[in-house]
4 protein chains.
Amino acid sequence: MARGINKVILVGNLGNDPDTKYTQGGMAITRISLATTSVRKDKDGNQQERTEWHRVVFFGKLGEIAGEYLRKGSSVYVEGSLRYDKYTGQDGVEKYSTDIIADEMQMLGGKGEGGGGGGGGDRPQRSAPAQRQGSGSGPSRPQPATQQAPMDDFADDDIPF
Amino acid sequence: MARGINKVILVGNLGNDPDTKYTQGGMAITRISLATTSVRKDKDGNQQERTEWHRVVFFGKLGEIAGEYLRKGSSVYVEGSLRYDKYTGQDGVEKYSTDIIADEMQMLGGKGEGGGGGGGGDRPQRSAPAQRQGSGSGPSRPQPATQQAPMDDFADDDIPF
Amino acid sequence: MARGINKVILVGNLGNDPDTKYTQGGMAITRISLATTSVRKDKDGNQQERTEWHRVVFFGKLGEIAGEYLRKGSSVYVEGSLRYDKYTGQDGVEKYSTDIIADEMQMLGGKGEGGGGGGGGDRPQRSAPAQRQGSGSGPSRPQPATQQAPMDDFADDDIPF
Amino acid sequence: MARGINKVILVGNLGNDPDTKYTQGGMAITRISLATTSVRKDKDGNQQERTEWHRVVFFGKLGEIAGEYLRKGSSVYVEGSLRYDKYTGQDGVEKYSTDIIADEMQMLGGKGEGGGGGGGGDRPQRSAPAQRQGSGSGPSRPQPATQQAPMDDFADDDIPF
DNA sequence: TTTT
DNA sequence: TTTT
């Protein structure tokens with residue numbers, strides 16, 4: 001049984017096109033970088049902005065939809081949970097990453113929306129991924145994420161807890 | 001104006017007593033480490049548990065209340081927003097931290113509840129902090145948190161965005 | 001595809017024991033009345049309390065768990081969505097009801113917790129409902145709920161949208 | 001102190017232009033009717049849609065912003081709490097209403113967005129309400145809301161709990 | 001890196 | 001009554 005609640009709700013814009021990969025078992029894993037901006041007045045009365053860049057991960061069916069319909073600039077609602085990971089970088093140094101594992105998504109329009117797009121968290125008929133990419137195959141765009149974490153070879157087991 | 005929604009909702013238990021410090025201006029900053037556990041069945045049908053340790057930060061009035069009433073083991077509801085920071089460690093290496101900046105809190109009872117306690121996000125009359133601790137004063141308990149970030153000297157400006 | 005987000009998050013206490021019924025198809029439908037209280041200071045500086053009584057409905061597996069483990073006084077976290085219904089009362093007058101259709105639940109302890117209880121939103125092994133109750137069977141406790149709506153005969157189709 | 005959590009999160013579209021009134025003390029009270037639609041497959045495999053119409057109320061500053069920037073068709077994020085009211089209709093019959101008392105709002109664009117609009121939950125400089133309407137003054141558009149509740153004369157005290 |  |  002679960003103990004506790006771990007819930008994240010985001011509405012923001014993508015800083016880049018989604019990055020979709022597939023596990024050896026064929027499960028889609030799509031990553032996006034999502035901006036939310038807040039404002040406060042500092043003590044001098046000036047407007048101060050601060051943008052957080054959230055690393056959001058979509059698995060499976062949701063990963064396919066996200067990869068197909070979201071684009072740089074898209075506005076999206078995401079619901080999910082926080083996952084903290086620890087890994088050893090190529091430089092041998094321990095690093096930490098924070099991801100939001102999405103379990104619900106809804107497109108909200110906004111600039112960057114692809115051509116025929118539409119989509120949503122519950123889309124009934126959607127096309128299959130255009131093609132399977134083996135891990136490591138294809139040009140892997142640089143990740144703009146705040147916290148870099150490697151994500152190259154997936155087991156099918158690499159799913160959100 | 002804010003652009004986007006950045007909201008976190010947690011219900012979990014404290015891994016340690018809260019850690020309260022005060023800015024030079026007297027503002028309380030309380031940190032807790034909050035556990036949430038989820039379960040899934042792996043492909044062999046075994047129950048697999050995974051615990052996330054969230055770093056939650058309370059500022060000002062909420063920081064005083066959290067520091068006074070929460071204890072190791074306490075169960076608490078927290079609402080806040082995600083903040084990602086980047087800093088240079090003492091070893092000169094760039095590091096990243098993720099905090100949940102709380103803006104609402106509610107005690108839920110459970111083990112670890114202090115003596116007369118009570119408290120809540122809106123508690124009307126509460127006592128002032130017992131004493132000011134200069135930064136760095138006192139034994140700083142080891143944090144069970146996933147991601148270590150230093151937090152020693154605060155300006156009064158060091159408040160959530 | 002869904003259009004929009006309709007989400008409710010509650011933490012509160014049950015005003016009565018749960019009321020579980022079963023559809024002809026054997027699906028459990030459990031209703032609880034959940035209290036949340038807020039406080040504000042009125043203009044005279046007096047504390048003013050106000051309690052909302054939420055009608056929460058659990059279907060299926062969650063309905064069985066809720067009926068088995070929740071009790072009057074139990075503290076519980078509920079996540080769900082709002083559903084507004086319109087029906088004609090026995091007096092021939094049109095009436096309206098508002099329900100929260102739960103899709104997640106988590107017990108938080110507190111007074112009223114049953115004997116061996118435990119439970120949670122994801123409990124793996126739980127016993128089947130002790131017995132089927134035909135609609136109308138058994139003493140139907142008075143509901144403290146704000147808005148009364150009849151709920152006697154269910155089709156198996158009477159499930160949350 | 002508050003006991004419990006009572007939180008609603010909505011993303012939807014307005015079915016009509018907002019309805020703004022002012023209390024005698026000059027506080028804005030804006031009401032909107034917000035649609036969220038969900039879909040499920042019935043047992044015959046057909047897509048079944050269901051739309052909920054939420055009555056959302058904005059008070060004070062937020063009421064002014066909502067009244068000024070939202071329009072029929074606008075897409076909006078709303079966060080608030082549930083409030084159930086009971087009143088006696090003009091026919092002498094007791095009735096019930098459910099409102100979401102908003103405490104955060106964010107425009108999401110979409111059709112129906114007014115002219116120069118913009119706005120958001122935190123908008124720094126915004127114009128004052130065009131004019132004060134005494135209660136009862138002006139043609140009060142019919143409310144499209146699901147549950148009708150009278151709302152004519154406000155005391156300044158008529159604010160969310 | 002987004003967006004308004 | 002909205003929207004996709």
Side-chain angles (χ1 to χ4, degrees), chain A residues 10-19 31-39 47 49-56 69-76 78 106-113 116-125 141-148, chain B residues 1-6 84, chain C residues 1-6 84, chain D residues 10-19 31-39 47 49-56 69-76 78 106-113 116-125 141-148:
Chain A
L10 302 174
V11 175
N13 297 279
L14 278 77
N16 269 310
D17 284 348
D19 176 30
R31 292 178 164 274
I32 64 170
S33 194
L34 196 65
T36 60
T37 301
S38 57
V39 183
Q47 294 275 131
E49 290 206 351
R50 182 182 161 115
T51 296
E52 305 300 334
W53 285 100
H54 306 89
R55 294 162 43 106
V56 180
Y69 292 108
L70 297 178
R71 287 294 170 267
K72 177 176 178 172
S74 296
S75 179
V76 70
V78 168
Q106 194 147 138
M107 292 194 57
L108 300 172
K111 183 187 138 194
E113 233 175 332
D122 244 330
R123 201 160 180 283
Q125 66 281 51
R141 289 180 305 85
Q143 279 288 113
T146 309
Q147 298 160 235
Q148 291 277 132
Chain B
M1 106 212 185
R3 295 188 294 280
I5 298 294
N6 172 358
Y84 309 102
Chain C
M1 106 212 187
R3 297 189 293 281
I5 297 294
N6 171 0
Y84 308 103
Chain D
L10 303 173
V11 175
N13 297 279
L14 278 75
N16 269 309
D17 283 349
D19 176 29
R31 290 177 165 279
I32 64 170
S33 194
L34 197 65
T36 60
T37 300
S38 57
V39 184
Q47 293 276 131
E49 290 207 350
R50 182 183 161 115
T51 296
E52 307 299 335
W53 285 100
H54 305 90
R55 296 162 42 106
V56 181
Y69 291 108
L70 297 178
R71 287 294 170 267
K72 178 176 178 173
S74 296
S75 178
V76 69
V78 168
Q106 195 148 137
M107 292 193 59
L108 300 172
K111 181 188 140 196
E113 232 175 333
D122 246 328
R123 202 161 180 281
Q125 65 281 49
R141 287 179 308 83
Q143 278 288 110
T146 308
Q147 300 160 232
Q148 289 278 130

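Predicted model only: the values in this text are computed from it and were never measured. Throughout, a chain's letter reflects where its sequence line sits, starting with A, and its residues are numbered from 1.
- Following rounding to the nearest Å, D:Glu52 (CD) and F:dT2 (P) show an atom-to-atom distance of 16 Å.
- The distance between atom CE of A:Met107 and atom C1' of E:dT2, rounded to the nearest whole Å, is 14 Å.
- Across the protein-nucleic acid pair, A:Asn13 atom CG and E:dT2 atom P stand 10 Å apart, rounded to whole Å.
- Going from atom CH2 of D:Trp53 over to atom OG1 of D:Thr37 covers 7.5 Å, rounded to the nearest 0.5 Å.
- Side-chain contact between D:Val76 and D:Val11 is absent, with no heavy-atom pair separated by less than 4.5 Å.
- Between the CG atom of A:Asp17 and the P atom of E:dT1 there is a distance of 15 Å, rounded to whole Å.
- Between A:Leu70 and A:Met107 there is a side-chain heavy-atom pair separated by less than 4.5 Å.
- Checked by distance alone, D:Ser75 brings no side-chain donor or acceptor within 3.5 Å of a matching partner on the base of F:dT3.
- Checked against F:dT2, E:dT4, E:dT2, the side chain of B:Arg3 finds its nearest nucleotide in E:dT4.
- Between the CG atom of D:Leu14 and the P atom of F:dT3 there is a distance of 10 Å, rounded to whole Å.
- Between the CD atom of D:Glu49 and the C1' atom of F:dT3 there is a distance of 10 Å, given to the nearest Å.
- Atom CG in D:Leu70 sits roughly 14 Å away from atom P in F:dT3 (whole-Å rounding).
- Within 4.0 Å (heavy atoms only), D:Thr51 reaches at least one base atom of the nucleic acid.
- Separating the CH2 atom of A:Trp53 from the C1' atom of E:dT3 is a distance of 8 Å, rounded to the nearest angstrom.
- Among the nucleotides E:dT3, F:dT1, F:dT2, the one closest to any side-chain atom of D:Asn16 is F:dT1.
- By the 4.5 Å heavy-atom criterion applied to side chains, B:Arg3 and A:Asn13 are not counted as neighbours.
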